[in-house]
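All values below were derived from every heavy atom in this structure, side-chain atoms included, with hydrogens, water molecules and symmetry-related copies excluded. This one's a predicted model, so the numbers in the text were calculated from it and none came from an experiment.
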Amino acid sequence: MSSFPLNPAQKQAVEHQNGPLLVLAGAGSGKTRVITQRIARLIERGVPSSAILALTFTNKAAGEMAERVLHVMEGKGGAAAAKALTVSTFHSFGLRVLGREKKALGGAFTIFDQGDQIGAIKDVLGRMGGGGRSYDAGAILARISWAKNAFLSPEDYREREGDEYDEITKVVYPRYQAALRNFRAYDFDDLVCEVARIWAEKPDVLARWQSTYRYILVDEYQDTNGAQLALLRQLAAEHKNLCVVGDDDQAIYAWRGADVKNILSFEEHFPGAVVIKLEQNYRSTEAILAVANSVIAKRVDARHRKVLFTDKPGGEKVKLVVAGSPEVEAAWVAREIKRVMREEGRRPRDLAILYRSNGQAKALEEALREEGVPHRVVGGQQFFERKEVKDLLAFLKVALNRHDEISLRRVVNYPPRGIGETSVERLGVHALAKGWTLWQTIERVDALDDIPSGAHEGAKQLEKLVGEVRKRLLVERAPASAVARELCEKAGIKRDIEASSGSANAAARRWGNVEALFNTFQKREKRETDRGADAADERALLGFLNALTLNFAEEEEEARDVVTLSTLHASKGLEFDVVWLVGCEEGLLPHSRTLDAKATDVIPQDIEEERRLFYVGVTRARKRLHISRAKARVVRGKPAPRVPSRFVLEIPEDLVETMEVKDQGALSTDEMAQNATNLLAMLDSLGK
């Protein structure tokens, strides 16, 4: 089935066909290959590709999986079948289900991003009075998100005694949900949990989706939450053909709602499951795997025991590096990176620096800059979160769905048209009093006598502008790419970007983001035309705009040949020839929040998750690994001694090579004495 054979465990996973299957895939064990080969094998055995659903967690992973299946099937003449597969993230799949069922749900809807959610919660707090605005909306949103991920409705939410944020969340959660419904909107978490609720309430709807997808595959199953588990149990209940692939040793996302118990209890949730372990590692050297195995074996919580091995023995010992300070540590890392690039010919893209917290990146960036090393920091502002992109998308969403109040509030006075915050507040009061939507209030502004003349004129301008965009899209059926360009000119968006960016370079960069959005629309239009679909279809276009909200990953930088700086969480799924795992000290890894967990934390911190995070960092390295720490750091403005991470201390001494580095600009007492001796000898020689 491929140019090189599957190992026995991989083959068993690929050949298994019916019934639940748990594939425990250790780091670097070829899990993606198993999933893609398994899909190809199902198709070869006569399973229609349209009956197969593959789910994962990122658009990048979904795209790679689809490409790999297509590559395998092209060699067998099955490219058309591969293209009919559904390979999707959980949230994109949820959006598809809600989109297909929207007639039963009351028509068109919009998707709230995090900024929209915060705005809605602040609005709820403002309407409550009694000092509600003093609460942190983000902290409340985190609790609501946790509840949704755990598949808890507002009625099921239970506050912890003495936690004021739990108590206010208990009050805000149902009102927030009501606000979403009034806006005809779903938030990101709803895309999974609302599907599960609809299926629970409407068995006929569930039956349709069960008959559509008879084989389900899930990648990174250890990262699923309660709502995703509920969805999978419903969808797989009829045919029971659920294959999940994951590794509880790499479960590192509890802070965003993932529940490692899902993979640990798979056999309870899906009786009769077959369990297969993939332990042969194809990524790292034997020396690196020995360190990884030694640390993860000391997990004290429940786990599926696995021991990684490789058929390629040897490799350089892992280096434990001790530096005097974070600055010395960063300078040494930068010099080493420059050295391996120069002396060993390694490409920057094959090198990475990993750390526990974003705050550690600053010293590293400065050191790399001083050494002239090209680099990128993973996790910068994401494309669809940029203001100019969100503004343009909001205009188009309002044109297609005038009930989308969050998008309307975003553009009601952008670019400025005289409708200030006070006027918006007055419009909102009229809407509430008269039972109108905010858009209906803008349409009827002539009937309102307390709206200032400037705001009155601005409202009329906005009504005309949105009406023109709506006509171009829905009546004249013009391409969205063309309409978006026209909108930027008519609304003055381009002029505002040029005037407000501070410099010509900043303006060019921001306008370049808008141009990139135009290109996104054009690609979509070409794709729809190529497959004979109507690119101007209202529902399809609104669905596309909503889908853009889910497109969180900004991946255009990946092709650049630069050194990667990344948090350990963001490094999951990546691999590099040489890795520097820095800041391995108590208080950083494991993080101080874990060591000083509070009962009021949204999600209790877990020391064993920190161990798994360390394990993930170690297993990112293919050929060489450095683990470093500083002897002292400045904490709250004062130098403080640091001790090695407990995970470092647990590594057997015979598996590592320890070294200490000093600041190049400083000399020890012995070094200064030796230099003085050398100087005296040189002077004595010259005197003779």
Side-chain angles (χ1 to χ4, degrees), residues 95-96 98-100 102-103 106-111 183-185 384 388-417 419 436-446 457-497 511-549 551:
L95 181 61
R96 173 184 295 214
L98 293 173
R100 295 270 179 88
K102 65 185 174 187
K103 187 174 181 180
F109 58 85
T110 192
I111 305 297
F183 295 146
R184 297 187 188 177
F384 291 99
E388 55 274 13
V389 174
K390 291 182 70 173
D391 289 338
L392 183 51
L393 288 174
F395 263 116
L396 296 172
K397 285 183 177 182
V398 170
L400 292 169
N401 176 19
R402 287 171 292 186
H403 292 284
D404 184 351
E405 186 167 322
I406 291 293
S407 292
L408 177 55
R409 284 178 178 270
R410 182 176 188 91
V411 300
V412 68
N413 196 42
Y414 178 79
R417 57 176 61 86
I419 312 176
W436 298 342
T437 66
L438 184 59
W439 179 257
Q440 288 173 329
T441 309
I442 288 172
E443 287 181 314
R444 301 167 187 176
V445 70
D446 288 338
E457 181 59 29
K460 302 303 288 184
Q461 291 174 7
L462 179 64
E463 181 187 2
K464 180 182 178 183
L465 179 64
V466 171
E468 289 174 350
V469 174
R470 185 174 177 83
K471 178 182 177 183
R472 288 282 285 146
L473 289 172
L474 303 185
V475 179
E476 300 174 11
R477 305 183 73 78
S481 57
V483 176
R485 284 186 182 276
E486 295 166 8
L487 172 61
C488 286
E489 291 297 329
K490 288 183 178 179
I493 292 176
K494 186 174 184 179
R495 290 192 301 275
D496 181 79
I497 288 174
W511 182 248
N513 294 330
V514 176
E515 291 279 2
L517 186 58
F518 296 156
N519 291 336
T520 299
F521 291 143
Q522 288 175 323
K523 289 177 184 177
R524 180 251 177 190
E525 288 153 9
K526 183 179 185 302
R527 187 169 61 246
E528 295 295 287
T529 301
D530 288 347
R531 69 184 187 91
D534 181 4
D537 178 75
E538 175 186 358
R539 294 181 180 179
L541 180 56
L542 185 56
F544 176 70
L545 295 178
N546 284 333
L548 291 183
T549 307
N551 194 2

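Within the structure, salt bridge (charged side-chain N to carboxylate O under 4.0 Å, His left out) pairs that include any residue of residues 458-470 comprise D446-K460, K460-E463, E468-K490 (at least two apart or interchain).
Distance CG/L462 to CZ/F395: 6.5 Å, rounded to 0.5 Å. For the atom pair NE2 (H403) and CZ (R184), the distance works out to 3.5 Å, reported to the nearest 0.5 Å. Separation of atoms CD1 (I111) and CD1 (I406) is listed at 13.0 Å; rounding is to 0.5 Å. Here the straight-line distance linking atom NZ of K397 with atom CG of L542 works out to 8.0 Å at 0.5 Å rounding.
At a threshold of 4.5 Å between non-hydrogen side-chain atoms, the residues L487 and R472 do not count as touching. Taking the side chain as every heavy atom from C-beta outward, R96 and R100 approach each other to under 4.5 Å. W439 is not listed as a side-chain neighbour of N401, based on a closest heavy-atom distance of 4.5 Å or more. With contacts defined as side-chain heavy-atom distances shorter than 4.5 Å, the pair L98/F109 qualifies. The shortest side-chain heavy-atom distance between L545 and F521 falls under the 4.5 Å cut-off. A heavy-atom distance below 4.5 Å is not found between the side chains of V411 and V466. Residues S407 and L396 fail the side-chain proximity criterion, which asks for heavy atoms closer than 4.5 Å. The shortest side-chain heavy-atom distance between T520 and F544 falls under the 4.5 Å cut-off.
Closest heavy-atom contact between S481 and F518: CB-O, 3.9 Å. C488 and V514 get closest at one heavy-atom pair: SG-CG1, 4.0 Å. Shortest non-hydrogen contact noted between T110 and F183 is CG2-O, 4.4 Å. Taking all atoms of both residues into account, the shortest heavy-atom contact from P416 to D496 is CD-OD1, 4.0 Å. Listed here is the closest heavy atom pair of V483 and A478: CG2-CB, 3.7 Å. Between L465 and A491 the shortest heavy-atom distance is CD2-CB, 3.6 Å.
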Report task. Take I493 and Y414 through the test side-chain contact (heavy atoms from CB on, under 4.5 Å) and record every step on the way to the result. Result -> CA-CA 8 Å; I493 292 176; Y414 178 79; 4.0 Å; yes
Requested in this report: Decide yes or no on side-chain contact (heavy atoms from CB on, under 4.5 Å) for L400 and L541, but give the supporting numbers first.
Outcome: CA-CA 9 Å; L400 292 169; L541 180 56; 3.9 Å; yes
Query raised in the report: How far apart are the C-alpha atoms of I442 and L408, what are their side-chain angles, what is the distance that settles it, and do they pass the side-chain contact (heavy atoms from CB on, under 4.5 Å) test?
Result: CA-CA 10 Å; I442 288 172; L408 177 55; 4.1 Å; yes
Requested in this report: Check the pair Q440, E443 against side-chain contact (heavy atoms from CB on, under 4.5 Å), reporting the backbone distance first and the verdict last.
Outcome: CA-CA 5 Å; Q440 288 173 329; E443 287 181 314; 4.2 Å; yes
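Listed for the R417 side chain is a donor-acceptor partner under 3.5 Å among the backbone atoms of V412.
Ion pairing of E405 with R409 is present here, as a side-chain N (NZ or NE/NH1/NH2) and a carboxylate O approach within less than 4.0 Å. A salt bridge links R410 with D391: the distance from a Lys NZ or Arg NE/NH1/NH2 to an Asp or Glu carboxylate oxygen falls below 4.0 Å. Note on E388 versus K494: no salt bridge recorded, every NZ/NE/NH1/NH2 to OD/OE distance being 4.0 Å or above.
Partners of E528 by salt bridge (Lys or Arg N to Asp or Glu O under 4.0 Å), not counting sequence neighbours, listed by chain and number: R531.
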